[in-house]
Amino acid sequence: MALRLHDTLTGEKRDFEPLEPGKVKMYVCGVTPYDKSHLGHARCYVAWDVVYRYLRHSGYAVTYVRNFTDVDDKIIARANERGMDPLALAQENIDFFYADMDALGIARPDVEPRVSGTIDEIIAMVQRLESNGIAYAVDGDVYYEVDAFKDYGKLSKRPLDEMKAGARVEVDTRKRNPMDFALWKSAKPGEPTWDSPWGPGRPGWHIECSAMSTCHLGETFDIHAGGRDLIFPHHENEIAQSEGATGQRYVNYWLHNGFINIDDEKMSKSLGNFFTIADIRERYTATTLRYFLMTARHYRGPINFSDAMLEEAAGRVAYFYDTLQTVEAFLDGSDDLPHFTGPLPHQDVIDTFEARFTEAMDDDFSVPRAMEPVHEAFRALNELANTRKAKRKAAAATAAAQLLAKVRKVDAVLNLFGHDPAEYLQGHRLMAAARAGLSPAWIDERLEARRAARAAKLWDEADAVRDELAAKGVVIMDRPNGQTDWAIEERAAEGAEASDAGDGEG
RNA sequence: GGCGACGUAGCCAAGUGGUAAGGCAGAGGUCUGCAAAACCUCCAUUCACCAGUUCAAAUCUGGUCGUCGCCUCCA
């Protein structure tokens, strides 16, 4: 089955046909690094990371470009507040960005251009627009003349005449149309500037993406992606700039991801429902966040975010790693088992796994559906790893090894299962304990007390300790090897939070 | 006002004409000193509401109600 993509421009899903067979050129709008990255960024870049990985997994040679808009009004304003160099502020936030992205398992793009390194190309493109008669200079500023581009509004489906009526921007009388936007801004005090044919100044917003994408991918390329909010004006203007400059079709497939909502409302600083990625990472593993963002919803839909949802995701990821740990232990001694050749248990799961995964992903990257065979595989892995009867063990080990290999293969796309299980689970436990307000040292002390009681076969005493832990939300598991593991019941964290107010501090 | 998205079980959510995936929670069972975990079984005659097209609709058409987003910086 062929890969099908939903294209915002046509509003339809259609077969993906790259410009060059076997190759994909994709561009994703990156961040404006004026502050730390937030949950919305995480959602966006996780989504496109999966797309990037899936394209590669499907055998395409992908060139993935993601920019940094490091010259921008907000960066300049923030840098001036803090009395520092704008590019230094941008670099500081780029470092934070990388820390978050790396933790989330997001692959680095192939090229990461910055505005500050693309000034020459930007100036060249503005000149090209000027000579094409769709840009005009006024007092050192250069504006894009929207009336000179007949397709203006085709992406956001907003005819120009309607936009004029609704335009709320204060009218700059130097503009020929209120919708005209700046390609080049003349120098103002306290701003970084570059020399240009129009005098010293800096690029406007929008032109940088046209210039950077064209410069690294060519005048026409396959995929351009970004958040829904960028459809207008950013991507609309990119089309106007690039197609206005080159006369060529700019992009073949426009992909846009949905937003993060908090309690059904858009996350925003003004509403006070704003989370940075770092905020979440203090409380949950980055893998939990990645899993949640990838699987909660198809990439185009909105995701409603809440602690309860994250708790569920955390529990599910812990289940995956618990399973991996169990299976790896089970397979550890399996080399000694007799070679097995008969029909395998869960043969249907093994046989259909990849086709089901691929079919879902081919349908506009439907990760939620692609997870169905993954869930099924983990259930089968657990069943196999719990095989007790010696007779069945060889068959079970063979089946488990095959299934595990399949899971590992699609994890090149999901990038969820690559941690060491024991390390992951330990990290998960500590974070869960912290969320529930419990001390791991106290838990260990209680477990030691229970171990002593059990050794003496003082069952009532041992059970009392277990009940005491359970009352706090700590559940324990006696393993066959004599060890006792513990976990925080997912609901405990909510309970602890709810009782916070009443408890007071100390 | 213009443009757009969405409304599926207690919760999250997949599913664009052929008779409701998956996950969480819940119930019962297997296992276990007792538990927990894991596994097995069960859990929507129905897809906001109304009308229509069709042999057949959650899926198509029209209307109603409700929620949200964009139109200004924003992933």
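Per chain, numbering begins at 1; letters A, B, ... match sequence-line order. The analysis underlying the following values was restricted to heavy atoms, covering all of them including side chains, and did not include hydrogens, waters or symmetry mates.
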| said: Looking at the base of B/rG33, is there any donor atom on it, or on the side chain of A/Asp463, that sits under 3.5 Å from an acceptor on the other one? | reply: yes
> Cation-pi between A/Arg14 and A/Tyr253: NZ/CZ under 6.0 Å from ring centre and within 45° of the ring axis?
Replying inline: yes
Would you say the rings of A/Tyr64 and A/Tyr27 are close, in the sense that their centroids are separated by under 6.0 Å?
no
When you compare B/rA35 with B/rG23, how far apart are their C1' atoms, in angstrom units rounded to a whole number?
-> 25 Å
Of A/Lys157 and A/Lys13, the one whose closest nucleotide on RNA chain B sits nearer the 5' end is A/Lys157
#### Entry: cation_pi(A/Arg66, A/Tyr45) dist<6.0 Å, angle<=45
yes
B/rA75 phosphate, OP1 or OP2, under 4.0 Å from A/His256 side-chain N/O:
no
### Task
Sticking with atom C1', work out how far B/rG26 lies from B/rU19, rounded to a whole angstrom.
28 Å
Should A/Phe259 be counted as stacked on B/rG69, where stacking needs a ring-centre gap under 5.5 Å and an angle between planes under 30 degrees?
no
Residues at least two apart in sequence or cross-chain that pass side-chain contact (heavy atoms from CB on, under 4.5 Å) with A/Glu191, listed by chain then number, are A/Ile76, A/Lys188, A/Arg202
task: In whole angstrom, give me the gap between the C1' atoms of B/rA57 and B/rC47.
output: 11 Å
From CG of A/Asp100 across to C1' of B/rA75 the rounded distance in Å is 14 Å
Between CD of A/Glu359 and P of B/rA14 the distance, given in whole Å, is 17 Å
When you measure from the side-chain N and O atoms of A/Arg316 to the phosphate of B/rC24, is any distance below 4.0 Å, counting only OP1 and OP2? yes
Across all chains, not counting sequence neighbours, the ring pair (Phe, Tyr, Trp, His ring centres under 6.0 Å) partners of A/Tyr34 are none
What's A/Gly40 touching, base or sugar-phosphate or nothing? Going by heavy atoms closer than 4.0 Å.
base
Distance below 4.0 Å between A/Arg369 side-chain N/O and B/rA21 OP1 or OP2 = no
pair_partner(B/rA14), Watson-Crick or wobble, both distances < 3.5 Å, evaluates to none
Please set out all donor-acceptor pairs under 3.5 angstrom arising from side-chain atoms of residues 392-404 of chain A, sequence neighbours excluded.
unit_1   : atom_1 : unit_2   : atom_2 : d
A/Thr398 : OG1    : A/Ala394 : O      : 2.8

Scanning all shown strands, the Watson-Crick or wobble mate of B/rC31 with both distances under 3.5 Å is none
(request) Rounded to whole angstrom, note down the C1' distance from B/rU67 over to B/rA75. (result) 22 Å
A/Ile488 atom CD1 is separated from B/rA36 atom C1', nearest whole Å, by 13 Å
Taking a pair to mean Watson-Crick or G-U wobble geometry with both distances below 3.5 Å, B/rA58 pairs with none
Here the distance between atom C1' of B/rA13 and atom CZ of A/Phe292, to the nearest Å, is 11 Å
From CD1 of A/Ile303 across to P of B/rA14 the rounded distance in Å is 10 Å
Here the distance between atom C1' of B/rA35 and atom CZ of A/Arg466, to the nearest Å, is 4 Å
Contacts of A/His38 meeting ring pair (Phe, Tyr, Trp, His ring centres under 6.0 Å) (sequence neighbours excluded), chain-then-number -> A/His41, A/Phe274
Spacing of the P atoms in B/rA48 and B/rC40 (rounded, Å): 31 Å
- Message: Taking only the C1' atom of each, what is the distance from B/rU46 to B/rA14 in whole angstrom?
- Response: 16 Å
Check: Checking all strands, does A/Arg66 fall into the base, sugar-phosphate, or nothing category for heavy-atom contacts under 4.0 angstrom?
Finding: nothing
Is A/Lys74 touching bases, backbone alone, or none of the nucleic acid, heavy atoms closer than 4.0 Å?
sugar-phosphate
Original post:
Is the base of B/rG33 touched by the side chain of A/Arg454 through a donor-acceptor pair closer than 3.5 angstrom?
Top reply: yes
Checking N1-N3 plus N6-O4 or O6-N4 for Watson-Crick, or N1-O2 and O6-N3 for wobble, each under 3.5 Å, the partner of B/rC42 is B/rG26
Taken to the nearest whole Å, CG/A/Asp229 to C1'/B/rA75 is 5 Å
Write down the distance separating the P atoms in B/rC11 and B/rC70, rounded off to the nearest Å.
26 Å
Here the distance between atom C1' of B/rG10 and atom CE of A/Met309, to the nearest Å, is 12 Å
Are the side chains of A/Phe378 and A/Phe417 in contact, using a 4.5 Å heavy-atom criterion? yes
When both distances are under 3.5 Å in a Watson-Crick or G-U wobble arrangement, the nucleotide paired with B/rC47 is none
The Watson-Crick or G-U wobble partner of B/rA36, with both key distances under 3.5 Å, is none
By the Watson-Crick or G-U definition, both distances under 3.5 Å, B/rA21 is matched with none
Query raised in the report: What is the nucleic acid contact for A/Arg297, judged by heavy atoms within less than 4.0 Å: base, sugar-phosphate only, or nothing?
Result: sugar-phosphate
When you check the gap from the basic side-chain N to the acidic O, do A/Arg369 and A/Asp363 get nearer than 4.0 Å? yes
Q. Is any side-chain N or O of A/Lys266 closer than 4.0 Å to OP1 or OP2 of B/rC70?
A. yes
Given the P atoms of B/rG52 and B/rA44, what is the spacing between them in whole Å?
-> 29 Å
Per nearest nucleotide of RNA chain B, the residue lying toward the 5' end, A/Asp460 or A/Gly258, is A/Asp460
Given protein heavy atoms under 4.0 Å, the one-letter contact record of nucleotides 37-43 of chain B, with B base, S sugar-phosphate only and - none, is simply SSSS---
Within the 4.0 Å heavy-atom criterion, would you say A/Leu230 contacts the bases, only the backbone, or no part of the nucleic acid? sugar-phosphate
Residues at least two apart in sequence or cross-chain that pass salt bridge (charged side-chain N to carboxylate O under 4.0 Å, His left out) with A/Arg297, listed by chain then number, are none
pair_partner(B/rC73), Watson-Crick or wobble, both distances < 3.5 Å, evaluates to none
